[in-house]
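Report on the following structure.
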Amino acid sequence: MKKTIAIAVIILILVGGFFLYRQKAGTMSAKRATQAWSEIKSDSSIARLDAFLEEYSSSEYAPLARQRMDSLIMEADWKAAKAGDSLQGYINFTEKHASSPYVETANVRIAELERAAAWEKARKSNSIAAYKKFVAAYPKSGQAALARKKIIDLEVDAIFASDHGELPPPQKTASGSSHSNTIEIENQTDYTLTVRYSGATS
């Protein structure tokens, strides 16, 4: 009986000691975490914050450290996107940091770069179809008016390159001097007549 009581007392002492040790270790760990956080909370080193999180992942400061590290990574990625100024770079940024305050600016730049790429593609192709596609996609852009002029110029070039009959000679309908001309065309056929002018103004 005495032996059983002695064993029970020993077990209680061991268990109590273990819990006391864990409590003391936890208190010391919390103090170390507090000290470590006070040293790096204003740090701009992603590596140091990452090291802190690895060592004190369950501390009360872990969420703050993650937030700080995410903010620094986002700022670094935005700086890199602006420096590269590429369509894919901005797209990658918006996908990785969808809630960033820079997303709106990134989307504006994406639209500008997409429009510039579309215009360059149309210009290199220099075809009616390519310019029409550009105008359909960006009807209010700065290049849309030029694209419409190019369409007419190319249509006129195609007309001149094909076989066609002679137009009737123009007839003067008024006398005097004028700085502008008026052209009247009367279509006396059953067909639709499309007229294209190309020159200083298309």
Side-chain angles (χ1 to χ4, degrees), residues 40-54 57 61-164 167 179-183 185 187 191-202:
I40 68 159
K41 65 182 177 181
S42 299
D43 206 311
S44 297
S45 170
I46 293 171
R48 288 191 68 192
L49 287 163
D50 191 43
F52 175 88
L53 282 168
E54 197 162 319
S57 59
Y61 305 106
L64 294 171
R66 287 190 192 94
Q67 187 179 10
R68 174 82 175 140
M69 191 165 73
D70 289 346
S71 177
L72 289 170
I73 290 170
M74 182 266 294
E75 290 290 344
D77 288 348
W78 176 241
K79 187 176 179 180
K82 285 198 302 180
D85 197 36
S86 71
L87 180 59
Q88 194 57 52
Y90 286 114
I91 289 172
N92 290 345
F93 178 85
T94 58
E95 288 175 352
K96 185 177 178 182
H97 305 285
S99 59
S100 164
Y102 300 120
V103 165
E104 189 176 342
T105 304
N107 284 333
V108 169
R109 189 64 185 134
I110 286 168
E112 290 172 351
L113 291 170
E114 284 177 338
R115 186 175 65 245
W119 173 247
E120 187 61 20
K121 185 177 179 181
R123 194 186 62 77
K124 282 184 178 179
S125 174
N126 197 39
S127 68
I128 293 170
Y131 286 122
K132 281 185 175 179
K133 185 177 179 181
F134 179 85
V135 170
Y138 305 101
K140 295 181 180 179
S141 69
Q143 295 95 345
L146 181 56
R148 291 185 184 97
K149 180 184 184 306
K150 290 284 187 182
I151 290 167
I152 295 171
D153 290 342
L154 290 169
E155 287 175 340
V156 169
D157 289 344
I159 291 166
F160 278 121
S162 62
D163 294 329
H164 52 78
L167 290 172
H179 295 291
S180 62
N181 294 316
T182 301
I183 297 175
I185 298 173
N187 182 10
Y191 300 98
T192 300
L193 182 64
T194 302
V195 181
R196 294 285 183 266
Y197 296 94
S198 179
T201 301
S202 296

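Between R115 and E112 there is no salt bridge, since none of the side-chain N atoms of the basic residue sits less than 4.0 Å from a carboxylate O of the acidic one.
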Compile the donor-acceptor pairs under 3.5 Å between side chains in residues 86-94 and protein atoms, sequence neighbours left out, one pair per line.
unit_1	atom_1	unit_2	atom_2	d
S86	OG	G89	N	3.0
Q88	NE2	N92	OD1	2.9
Y90	OH	D85	OD1	3.0
N92	ND2	Q88	O	3.3
T94	OG1	Y90	O	3.4
T94	OG1	I91	O	2.8

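Remark: D77 CG to K79 NZ distance equals 12.0 Å, nearest 0.5 Å. To the nearest 0.5 Å, atoms CZ (F52) and OH (Y61) are separated by 8.0 Å. Atom OH of Y102 sits about 5.5 Å away from atom CE of M74, to the nearest 0.5 Å. Distance check, rounded to the nearest 0.5 Å: CD1 of I73 to CZ of R66 gives 12.0 Å. If you take CG on L146 and CH2 on W119, they are separated by 4.0 Å, rounding to the nearest 0.5 Å.
Heavy-atom neighbours of Q67 CD from other residues, nucleotides or ligands within 6.0 Å: at or below the threshold of 12.
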Next item on the list: Please test T194 against E155 for side-chain contact (heavy atoms from CB on, under 4.5 Å), starting from the C-alpha separation and ending with a verdict.
Entry: CA-CA 11 Å; T194 302; E155 287 175 340; over 6 Å; no
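Residue pairs meeting the side chain to side chain donor-acceptor pair (under 3.5 Å) criterion with at least one member in residues 126-136, sequence neighbours excluded, are S125-S127, N126-Y131.
Nearest heavy atoms, A144 versus Y138: CB-O, 3.5 Å. Residues F134 and S141 come closest through the heavy atom pair CE2-OG, 3.5 Å. Across T192 and N187, no two heavy atoms sit closer than the pair C-ND2, 4.3 Å.
Remark: of the listed residues L72, D70, L64, L72 is the sole one forming a side-chain contact (heavy atoms from CB on, under 4.5 Å) with L49.
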